[in-house]
Amino acid sequence: MNFEPAKLNSEQLQAVNTLAGPVLIIAGAGAGKTKTLVSRIVNLIDHGTRPNNILGLTFTNKAAGEMFSRIDSSLREKHIPERPWLGTFHSLGTKILRDNGYKFNIADRNDSIRYIKRALKQAGYENNQCDPKSVLATISRYKADGFSLNDFQKAFGDGQIKGFWEKLMSQIWPQYEKILMTENNLDFDDLLLKTRNLLSENDRLRKKYQNRWSHIHIDEYQDTNKIQYQLTHLLTNPQNPNICVVGDIDQSIYGWRGADMRNIIQFSKDFPETKTIILEKNYRSTANILYLADKIISVNKNRINKINKAHKDDGEPVKLLSAWSENDEAEKIITEIKKLLQQGLDPNDIAILYRLNFQSRALEEAFLKAGLPYKVIGVKFFQRAEIKDLLSYIISALDRENWSNLKRALSFLPEIGKVTIAKIASGEVEKLPPITQNKIKKFYNLLDKIEKLVEKESPKEVLNKVFSLSGLADKWRQEGEEGLEKIANIKELLVVASKYKNPGEEEMIKLLDEVALASDQDEISAGGVRLMTVHASKGLEFHSVFITGLEEGLFPHEYPGEDDHDPEEERRLFYVAITRARENLFLSYAQSRSIFGRQNINQMSIFLEEILDDLKIDEELDQEEPVKEYLTYD
DNA sequence: CCGTATTGAGAAAAT
DNA sequence: CTCAATACGG
Ligand SMILES: Nc1ncnc2c1ncn2[C@@H]1O[C@H](COP(=O)(O)OP(=O)(O)OP(=O)(O)O)[C@@H](O)[C@H]1O
């Protein structure tokens with residue numbers, strides 16, 4: 001992509017050339033919001049703003065990385081050494097806390113779930129009596145809404161607690177926080193909450209950061225939640241608010257995580273000087289694709305109508321693939337992909353989107369069977385057991401009180417299990433048999449050695465050496481197929497680690513933070529057609545896109561129970577999915593789909609029903625038959 | 001302590 | 001069906 005101002009249209013240029021004050025950029029999908037944001041940052045620097053004073057917040061670290069590389073290449077040409085700081089709110093929180101002396105490890109979702117399970121057990125709840133995922137989601141939601149445990153306890157003090165959930169929360173949340181504390185962990189939400197507390201309580205520090213980042217940019221502002229909103233306002237200098245946010249309320253798809261599109265709707269009230277710029281020309285998708293996108297999103301009531309005019313021609317018709325089953329669906333998709341590849345299309349420029357992660361399975365099987373390259377995005381690569389196994393040695397070496405990681409590493413020693421580890425933790429090593437004591441001593445010698453290695457060598461070298469020193473390399477080498485996959489994944493980790501060049505604990509912690517905060521594995525190795533959820537596709541674009549599983553109950557997805565959700569969000573999600581495509585769009589559904597090994601019969605999605613007349617049906621692809629006759633399945 | 005068998009509950013999007 | 005948690009025996 002090219003970011004020369006000459007290539008921008010006049011509205012985009014207006015945004016790029018508004019160098020001071022609050023700026024709000026609004027546009028439908030594919031109108032060049034992100035491109036405009038990048039150009040604006042470069043333009044600010046061209047006009048004398050120091051890169052050091054520029055902050056850019058994005059939705060994923062991958063998006064930040066892409067933005068960074070575009071800005072980087074522009075600055076490189078101009079021989080400017082400084083760089084703006086780009087990242088997610090979470091990585092910003094991590095940075096601010098670390099810069100101010102906080103020492104912690106980041107608990108990822110799996111860690112949090114484990115802690116919740118432990119807390120439930122400690123509070124005397126039987127297994128399966130309540131779902132740990134829901135408990136964590138509730139706590140997380142409170143935190144996203146800006147409530148710390150303290151705030152919660154103030155609001156629900158003695159006598160205030162009524163329902164089952166509130167009672168449960170009042171027992172489990174404090175316990176969960178206690179566990180986080182003893183493990184020296186912050187969870188994802190804490191990274192924002194603690195930063196907010198720090199900045200709101202400490203005037204000097206707040207002013208320092210307002211000064212440091214005098215020019216703030218936020219992408220995907222429609223999907224910010226309350227705590228992010230609060231952070232935005234703490235970081236912005238109220239006397240001189242140079243803040244530029246971009247977004248599209250039709251693409252607000254994280255309401256379930258506390259995102260609130262009122263943040264963007266009220267931006268110009270929050271900052272009365274706001275200059276609002278609306279981009280109406282779409283450069284990404286063909287007119288056919290945009291026509292459908294508009295037809296779908298227009299049904300929503302809670303929105304502000306806007307123009308999204310195609311710059312491209314009509315292009316190919318949008319095609320419907322109807323299938324008997326999920327396997328049939330996958331095969332039909334493979335057939336279409338083969339055609340596209342024959343035309344010379346880059347497989348990396350094709351995406352298959354689905355509503356729920358489990359749908360990737362049937363697709364993967366079809367890809368394997370067909371021998372076509374593919375890549376599932378969003379399988380939490382860095383949360384794999386083998387990655388955590390290796391890192392547990394490093395974390396243990398750097399923090400000898402970190403018992404969850406010590407346990408993990410210790411349990412690789414033969415004949416050492418739960419009971420022995422509990423004795424070590426309670427300082428009763430002398431009571432163990434001499435052979436065991438010896439093993440433990442060796443283990444701690446290894447940790448000492450790792451600690452020294454960290455000081456002397458780059459993270460990558462350290463990881464590589466620990467891989468063999470720990471015995472994990474040998475162990476997995478003997479485990480056949482599965483072991484080899486683990487080893488391959490460790491190699492991928494080493495690739496990521498290699499971008500940290502310097503020895504030392506600080507550099508190692510940066511790597512550990514990245515591993516905890518990384519959103520997906522996209523940057524690791526290339527390789528084939530992209531399979532991902534619609535949520536994960538936010539902000540991306542592909543030449544050809546398949547949207548799968550368009551069945552009632554699945555997309556739009558219905559989940560029993562939930563009452564406070566926004567009924568229009570599923571439609572926005574479908575709108576996001578459609579607008580990922582530049583040239584070709586395929587929509588598919590299966591009449592039957594197995595769930596828990598059971599066949600379920602499904603109706604076609606309401607979304608498909610609404611646009612059937614505009615689609616080209618699969619078997620008819622090569623003929624010009626009228627579409628209608630074909631529409632009588634049931 | 002550890003490997004294996006059994007059971008039973010589970011599949012919602014993700015920084 | 002799949003995977004995590006438990007039970008059991010060597
Ligand atoms: N003025 C322009 N001329 C030509 N192409 C453009 C122009 N502006 C943007 N584009 C192209 O349009 C596509 C969409 O741009 P971009 O990703 O910035 O849009 P966006 O509004 O951020 O989309 P989304 O809302 O989906 O995140 C990109 O391929 C970009 O290069």
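Naming: A, B, ... by sequence-line order, numbering from 1 per chain. For clarity, every value in this text was computed on a predicted model and none was experimentally measured.
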For [X], what residues pass the salt bridge (charged side-chain N to carboxylate O under 4.0 Å, His left out) criterion, not counting sequence neighbours?
X       : result
K369(A) : E331(A)
E552(A) : none
E485(A) : R384(A)
R257(A) : none

What is the separation between atom [atom1] on [X] and atom [atom2] on [N], rounded to the nearest whole Å?
X       : N       : atom1 : atom2 : value
I106(A) : dA14(B) : CD1   : C1'   : 15 Å
L57(A)  : dT15(B) : CG    : P     : 16 Å
F382(A) : dT15(B) : CZ    : P     : 12 Å
I377(A) : dA14(B) : CD1   : C1'   : 14 Å
E365(A) : dC1(C)  : CD    : P     : 13 Å
D187(A) : dA14(B) : CG    : C1'   : 13 Å
L136(A) : dA12(B) : CG    : P     : 14 Å
Q599(A) : dC1(C)  : CD    : C1'   : 12 Å

Scan [X] against the nucleic acid and name what it touches under 4.0 Å (heavy atoms): base, sugar-phosphate only, or nothing.
X       : value
V534(A) : nothing
L192(A) : nothing
F89(A)  : nothing
S91(A)  : nothing
R598(A) : nothing

| With respect to the phosphate group of dA14(B), does any side-chain polar atom (N or O) of T60(A) fall under 4.0 Å of OP1 or OP2? |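 Answer no for this pair, as no side-chain N or O of T60(A) is under 4.0 Å from OP1 or OP2.
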| request: Examine dA13(B): is either OP1 or OP2 under 4.0 Å from a nitrogen or oxygen in the side chain of N357(A)? Give yes or no. | output: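 Yes.
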| Intermediate values then yes/no, side chain to side chain contact (heavy atoms under 4.5 Å, CB included), Y254(A) and T224(A) | CA-CA 8 Å; Y254(A) 281 88; T224(A) 51; over 6 Å; no
| remark: In B/S/- notation (B base, S sugar-phosphate only, - none; protein heavy atoms under 4.0 Å), nucleotides 2-10 of chain C written 5' to 3' is S--SS----
| query | With nearest nucleotides of DNA chain B determined for L413(A) and E569(A) from heavy-atom distances, which residue corresponds to the more 5′ nucleotide? | reply |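 By nearest-heavy-atom nucleotide position, the 5'-most residue is L413(A).
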| query | For E570(A) and E415(A), take the nucleotide of DNA chain B holding the closest heavy atom to each; which residue's nucleotide lies nearer the 5' end? | reply |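 The residue whose closest nucleotide sits nearer the 5' end is E415(A).
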| message | What's the gap between dA12(B) and dA5(C) when it is taken at their C1' atoms, as a whole Å value? | response |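 That atom pair is separated by 23 Å.
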| task | Sticking with atom P, work out how far dA11(B) lies from dT6(C), rounded to a whole angstrom. | result |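 Looking at atom P only, dA11(B) and dT6(C) are 16 Å apart.
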| message | Please confirm whether the ring centroid of F147(A) lies under 6.0 Å from the ring centroid of F152(A). | response |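 No: the rings miss the under 6.0 Å criterion.
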| request: Applying side-chain contact (heavy atoms from CB on, under 4.5 Å), name anything that partners Q175(A), two or more places apart in sequence or on another chain. | output: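 In terms of side-chain contact (heavy atoms from CB on, under 4.5 Å), with neighbours along the sequence ignored, Q175(A) is linked to A119(A), Q122(A), K178(A).
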| said: Any side-chain to backbone donor/acceptor pair from Q591(A) onto Q603(A)? Under 3.5 Å, distance only. | reply: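 No: the side chain of Q591(A) does not pair with the backbone of Q603(A).
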| task | Can you tell me which residue pairs pass the salt bridge (charged side-chain N to carboxylate O under 4.0 Å, His left out) test with a partner in residues 592-607 of chain A, sequence neighbours excluded? | result |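 Every pair satisfying salt bridge (charged side-chain N to carboxylate O under 4.0 Å, His left out) with a residue in residues 592-607 of chain A: E329(A)-R593(A), E551(A)-R593(A).
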| Ring stacking, W256(A) with base of dA13(B), under 5.5 Å and under 30°? |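 Answer is yes, a stack.
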Are there any protein N/O atoms within less than 3.5 Å of an N/O atom in nucleotides 6-11 of chain B, and if so, which ones and at what distance?
unit_1: dA11(B); atom_1: OP1; unit_2: K133(A); atom_2: NZ; d: 2.6
unit_1: dA11(B); atom_1: OP2; unit_2: K133(A); atom_2: NZ; d: 2.4
unit_1: dA11(B); atom_1: O5'; unit_2: K133(A); atom_2: NZ; d: 3.4
unit_1: dA11(B); atom_1: N6; unit_2: F596(A); atom_2: N; d: 2.7

Table please: side-chain donor-acceptor pairs of residues 472-483 of chain A below 3.5 Å, with sequence neighbours left out.
unit_1: D474(A); atom_1: OD1; unit_2: R477(A); atom_2: NH1; d: 3.1

